[in-house]
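Below is one structure; the comments refer to it alone.
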Amino acid sequence: MSKLPHFSRLALALGLSTTLLMSLPCQATDAHSNELGYASSTRATSNDYAATLEQLLTLLEKPQMLQSMAAAITNDSTKQNIISNHMSSLLSDQSLRQVLVEHIATKLQQRGSSLNDTSALLRAIGDELQSATLQFFNGGISRLSDSELQQLLGSIANTANRWDDQTCQVVFSGASNSGVYRTLLEQLDPQDLENFLHLTTQAVLYEVKDQPAANSMSGSDLAKANTALFKVIGLWAFSDPQAAQNAFALLQGSMQDQAPDPVTLCHTSRQLLTEIVRAEGSDGSLLRRLVVHTYLNQLQ
């Protein structure tokens with residue numbers, strides 16, 4: 001198989017979209033932005049940016065700011081509390097905070113961002129926070145244990161199984177904008193949201209703290225995982241012949257670079273993902289590692 005299947009890449013991409021909730025949408029209101037003090041020099045140093053970032057993070061730690069940002073993401077008060085609690089947890093982790101400040105200060109200096117243009121600076125910081133969070137998540141996803149990965153993919157499967165055909169069409173057609181993310185968030189079960197944020201946070205922290213990878217794959221592992229994948233699909237031929245046929249067609253389309261119908265892709269992908277989450281023993285672990293491997297491979 002020259003390429004790994006569509007469902008793996010897209011399944012974890014759905015989980016990846018939830019890291020946007022961790023990227024701290026830094027859009028301080030006018031009432032709060034005047035609390036920040038900026039250096040007057042137009043040639044700011046990395047230390048100047050770092051000092052400004054520390055001020056901003058301290059501002060964001062305020063409960064009213066966290067609640068305000070969460071309210072901008074969802075109208076559900078339960079989900080607002082979940083989001084603000086996880087943001088607070090992230091901001092209070094000193095090891096992550098130090099890495100973020102150093103990383104983003106360097107990026108801002110490279111961009112030549114002005115410390116005197118508040119609106120532009122906040123947008124730049126928001127962009128870099130999001131980029132850094134996704135970068136750390138991409139590095140940390142392979143560091144999750146199998147049980148953590150199983151829980152993360154389980155929440156993704158639960159979420160995908162809640163979608164109607166219209167939502168499937170939007171997501172699997174490749175649409176990507178804030179409206180789509182908000183729609184997905186509104187359909188998330190609060191417990192799945194809790195799991196998403198906890199596990200994506202763990203992936204980020206594992207990367208920052210350089211925890212050893214738990215999900216790397218050798219060539220022989222890949223061969224075994226592909227065998228396990230076809231074994232799972234083969235079992236459907238007895239219980240659900242049409243689903244098995246769709247799954248085989250999906251894999252064949254993946255090899256031929258064909259774009260399957262988004263709704264069919266959604267239905268088949270979430271059924272495959274559900275089975276991968278349920279799979280036990282070494283086959284289950286290999287299949288879940290295959291999802292991670294495929295996602296990371298697609299980023300290269």
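Positions are given from 1, in the same order as the sequence printed here.
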Could you give me the CA-CA distance, side-chain angles and deciding distance for Gln271 and Asp240, then say whether side-chain contact (heavy atoms from CB on, under 4.5 Å) is met?
CA-CA 11 Å; Gln271 191 167 358; Asp240 193 341; 3.9 Å; yes
Same cluster (ILVMFWY, side-chain, under 4.5 Å), Phe230 and Leu272:
yes
Side chains of [X] and [Y], heavy atoms from C-beta outward: is any pair under 4.5 Å?
X: Asp127; Y: Arg111; value: yes
X: Ile82; Y: Leu197; value: yes
X: Gln135; Y: Glu207; value: no
X: Gln202; Y: Arg143; value: no
X: Val232; Y: Asp283; value: no
X: Phe196; Y: Ile156; value: yes
X: Cys266; Y: Val263; value: no
X: Ser88; Y: Glu61; value: no

Exercise: do [X] and [Y] side chains pair donor with acceptor under 3.5 Å:
X: Glu194; Y: His86; value: yes
X: Thr58; Y: Gln55; value: no
X: Ser95; Y: Asp93; value: yes
X: Thr167; Y: Asp164; value: yes
X: Asp221; Y: His293; value: no
X: Tyr49; Y: Glu102; value: no

Ile141 and Leu149: side-chain contact (heavy atoms from CB on, under 4.5 Å), yes or no, with the steps?
CA-CA 8 Å; Ile141 185 65; Leu149 187 57; 4.3 Å; yes
To check you understand the geometry: which heavy-atom pair defines the closest contact between [X] and [Y], and what is its length?
X: Ala50; Y: Ala105; answer: N-CB, 3.8 Å
X: Gln80; Y: Thr74; answer: NE2-O, 2.8 Å
X: Gly139; Y: Ser142; answer: O-OG, 3.8 Å
X: Asp192; Y: Ser155; answer: OD1-OG, 3.2 Å
X: Val277; Y: Gly154; answer: CG2-N, 3.6 Å
X: Leu108; Y: Glu128; answer: CD2-CG, 4.3 Å

Mind running side-chain contact (heavy atoms from CB on, under 4.5 Å) on Ile276 and Leu290 for me, showing each step along the way?
CA-CA 10 Å; Ile276 286 175; Leu290 177 63; over 6 Å; no
Give, for atom [atom1] of [X] and atom [atom2] of [Y], the distance between the pair rounded to the nearest 0.5 Å.
X: Leu273; Y: Arg278; atom1: CG; atom2: CZ; value: 10.5 Å
X: Asn138; Y: Thr133; atom1: CG; atom2: OG1; value: 10.5 Å
X: Arg288; Y: Leu152; atom1: CZ; atom2: CG; value: 11.5 Å
X: Gln191; Y: His198; atom1: CD; atom2: NE2; value: 10.5 Å
X: Glu148; Y: Ser145; atom1: CD; atom2: OG; value: 3.5 Å
X: Leu129; Y: Ser131; atom1: CG; atom2: OG; value: 9.5 Å

Indicate yes or no for a side-chain donor-acceptor contact from [X] to the backbone of [Y] under 3.5 Å, with no hydrogens or angles considered.
X: Lys224; Y: Gly219; answer: no
X: Asn226; Y: Leu222; answer: yes
X: Thr52; Y: Asp48; answer: yes
X: Ser89; Y: Asn85; answer: no

Could you check Thr159 against Asp189 for side-chain hydrogen bond (donor to acceptor under 3.5 Å, both in side chains), going step by step and ending with a plain yes or no?
CA-CA 7 Å; Thr159 302; Asp189 179 82; over 6 Å; no
Begin with the C-alpha distance, continue with both residues' side-chain angles, and end with the deciding distance and a verdict on side-chain contact (heavy atoms from CB on, under 4.5 Å) for Leu193 and Ile83.
CA-CA 8 Å; Leu193 175 61; Ile83 292 169; 4.3 Å; yes
Do other residues, nucleotides or ligands put more than 12 heavy atoms under 6.0 Å from Gln166 CD?
no
